[in-house]
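Single-structure report; data block below.
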Amino acid sequence: MNSKSVSVGISKPFDCNYIAGQKEQLLVIQESELDSQLFEQLLAMGFRRNGNAIYKPKCPSCDKCLSIRIPVKSFTLSKRQKRTLKNNQNFHWKVVNQTTAAHYELYERYIAARHQDGPMYPPSQSQFDDFLLCDWLPPTFIELYDQDKLIAVAVTDNLHYSLSAIYSYFDPDYEKNSLGSLMILIQCQLAKSLGKHFLYLGYQIDENRKMSYKRQYRPYQILMQNGWQNGEQVHPLSP
């Protein structure tokens, strides 16, 4: 894979959305010509995509956002994950390449029910588009159905060597079905079936309850100053 130099800016500090009392600051890629190959290189350096923008936390007094990825060929289901698959075996999923009105309607219900305390509330169509869609890399949408009812969507970037999980959301009426976990398991299955090396899950934030679940998918890798490391060696997680 050819390397390319890029221009990087840095945002002003602002209140962190994930850890109370902390200030957040972002490195932002300022290239006008972005593509999937460049993005995959930046993913491996700890960057993420939000809409058309590529960013990475560079906070003045905090380093709690840890880039995390799953090497899908060696991923092993835990007992809990096996139960999640078994309990939801009557659902079916498919992959589509375009968003639909039903996607947004489900997103609106999900945000209103579960994230009224977060920056994505109140939801709107423009906010959905700006957050999830991308001009230079059309995302993939994994749809989960209960018979003919759409109950969950995982927005995923399909890259040459990896999948990158952008965001998942689900019908609040199915909260007890662990659909958030199920959508990650489905993305692992899809990545493996496509011959990918990794599924990128974004940032693990141990101090935030809603962002601290990603260590449950093992084995996983954490990006440290000297490169990607076996996550359980860096920070073991009790069973």
Side-chain angles (χ1 to χ4, degrees), residues 18 48 66 68-96 102-118 120-121 123 128 131-132 139-157 162-194 196 198-222 231-232 235-239:
Y18 301 111
R48 289 287 288 165
L66 303 174
I68 186 169
R69 69 185 185 185
I70 302 170
V72 294
K73 294 179 182 179
S74 54
F75 171 67
T76 303
L77 292 166
S78 67
K79 291 182 180 179
R80 177 183 294 181
Q81 290 159 359
K82 289 178 181 178
R83 285 197 301 269
T84 296
L85 290 174
K86 182 178 180 180
N87 292 340
N88 296 301
Q89 61 185 334
N90 291 330
F91 302 153
H92 64 278
W93 58 275
K94 67 178 182 178
V95 176
V96 300
H103 291 177
Y104 173 71
E105 291 169 4
L106 184 60
Y107 173 85
E108 186 177 51
R109 288 190 60 209
Y110 174 80
I111 297 298
R114 292 177 59 93
H115 292 288
Q116 290 190 18
D117 59 342
M120 293 184 290
Y121 184 84
F128 174 90
F131 171 37
L132 297 175
T140 294
F141 302 89
I142 303 172
E143 299 178 333
L144 182 71
Y145 287 88
D146 181 359
Q147 298 184 40
D148 60 353
K149 180 181 180 181
L150 179 68
I151 60 172
V153 175
V155 185
T156 311
D157 285 339
S162 59
L163 296 184
S164 177
I166 302 300
Y167 195 69
S168 294
Y169 54 93
F170 56 84
D171 189 324
D173 293 341
Y174 289 76
E175 183 172 3
K176 294 182 179 180
N177 291 80
S178 301
L179 295 188
S181 175
L182 179 63
M183 298 310 282
I184 292 178
L185 298 177
I186 289 173
Q187 288 174 94
C188 283
Q189 291 177 9
L190 179 61
K192 190 172 183 178
S193 71
L194 294 174
K196 308 297 185 184
F198 303 107
L199 171 63
Y200 286 87
L201 293 180
Y203 300 116
Q204 164 74 15
I205 307 174
D206 294 330
E207 286 74 8
N208 182 289
R209 179 180 58 84
K210 293 182 179 180
M211 298 289 287
S212 62
Y213 60 88
K214 298 171 185 176
R215 294 186 188 273
Q216 298 171 13
Y217 303 88
R218 308 183 194 178
Y220 61 89
Q221 297 177 352
I222 294 288
E232 294 183 86
H235 188 163
L237 179 70
S238 58

Residues R215 and G231: closest non-hydrogen pair is NH1-O, 4.2 Å
Value for CG (L201) from CG (L199), rounded to nearest 0.5 Å, stands at 4.5 Å
Sequence neighbours excluded, the answer for ring pair (Phe, Tyr, Trp, His ring centres under 6.0 Å) partners of Y121 is none
Residue pairs meeting salt bridge (Lys or Arg N to Asp or Glu O under 4.0 Å), one or both in residues 165-190, sequence neighbours left out, come to R109-D171, R109-D173, R114-E175, K149-D171
Hits for side chain to side chain donor-acceptor pair (under 3.5 Å) against Y203, two or more places apart or cross-chain, chain-then-number order -> none
So NZ of K214 and CD1 of I205: to nearest 0.5 Å the spacing works out to 7.0 Å
Quiz item: Sub-3.5 Å donor-acceptor pair from the side chain of Q81 to the main-chain atoms of Q216, do we have one?
Solution: yes
In this structure, CZ of F91 is separated from CG of D146 (nearest 0.5 Å) by 4.5 Å
Per side chain to side chain contact (heavy atoms under 4.5 Å, CB included), Y174 is matched among N88, L179, L182 by L179
Taken to the nearest 0.5 Å, the spacing of D157 CG from Y200 OH works out to 12.5 Å
Inset, instruction - Let me see the working for H103 and V96 under side chain to side chain contact (heavy atoms under 4.5 Å, CB included), right down to the final yes or no. - result: CA-CA 11 Å; H103 291 177; V96 300; 4.1 Å; yes
With sequence neighbours left out, the residues meeting salt bridge (Lys or Arg N to Asp or Glu O under 4.0 Å) with K82 are none
Of all heavy-atom pairs linking I184 and Y217, the shortest is CG2-CE2, 3.6 Å
For I70 and P219 the tightest heavy-atom approach is CG2-O, 3.8 Å
Across all chains, not counting sequence neighbours, the salt bridge (Lys or Arg N to Asp or Glu O under 4.0 Å) partners of K73 are none
Between P71 and Q221 the two heavy atoms that sit nearest each other are CG-NE2, 4.1 Å
A102 meets the side chain to side chain contact (heavy atoms under 4.5 Å, CB included) criterion, sequence neighbours left out, with T100, L150
Practice problem: Would you indicate whether Q89, at its atom CD, is surrounded by more than 12 heavy atoms from other residues, nucleotides or ligands within a distance under 6.0 Å? | Solution: yes
Taking every heavy atom of L132 against every heavy atom of P139, the minimum-distance pair comes out as O-CG, 3.8 Å
Across all chains, not counting sequence neighbours, the side chain to side chain donor-acceptor pair (under 3.5 Å) partners of S178 are none
CD (E143) and CG (L106) are apart, to the nearest 0.5 Å, by 10.0 Å
Residues at least two apart in sequence or cross-chain that pass side chain to side chain contact (heavy atoms under 4.5 Å, CB included) with N87, listed by chain then number, are R83
Does the side chain of S164 pick up a donor-acceptor pair with the side chain of R69 at under 3.5 Å? no
Sorted by chain and number, sequence neighbours left out, side chain to side chain contact (heavy atoms under 4.5 Å, CB included) with H115 holds for Y110, I111, Y167, K210
**Report entry** Residue pair V155, F141: steps toward the side chain to side chain contact (heavy atoms under 4.5 Å, CB included) verdict
**Finding:** CA-CA 5 Å; V155 185; F141 302 89; 4.0 Å; yes
**Item:** Full working for side chain to side chain contact (heavy atoms under 4.5 Å, CB included) between M120 and F131
**Value:** CA-CA 9 Å; M120 293 184 290; F131 171 37; 3.6 Å; yes
All heavy atoms of Q147 vs all of Y145, minimum pair found to be O-CB, 3.4 Å
Next on the checklist: Could you walk me through whether Q187 and S168 satisfy the side chain to side chain contact (heavy atoms under 4.5 Å, CB included) test, starting with their C-alpha distance in whole Å, then the side-chain angles of each, then the deciding distance to 0.1 Å, before giving a yes or no?
Outcome noted: CA-CA 10 Å; Q187 288 174 94; S168 294; 3.9 Å; yes
Taken in chain and number order and not counting sequence neighbours, the residues that satisfy salt bridge (Lys or Arg N to Asp or Glu O under 4.0 Å) with E207 are K64
- Item | Validation row: F170, I151 side chains within 4.5 angstrom (heavy atoms) | no
| task | Keeping the roles fixed (side chain from Q204, backbone from S212), state whether a donor-acceptor pair exists under 3.5 Å. | result | yes
Taken in chain and number order and not counting sequence neighbours, the residues that satisfy side chain to side chain contact (heavy atoms under 4.5 Å, CB included) with S193 are L190
Residues passing the side chain to side chain donor-acceptor pair (under 3.5 Å) test with E108, sequence neighbours excluded, are Y104
CZ of F75 to CG of L185, rounded to nearest 0.5 Å, is 5.0 Å
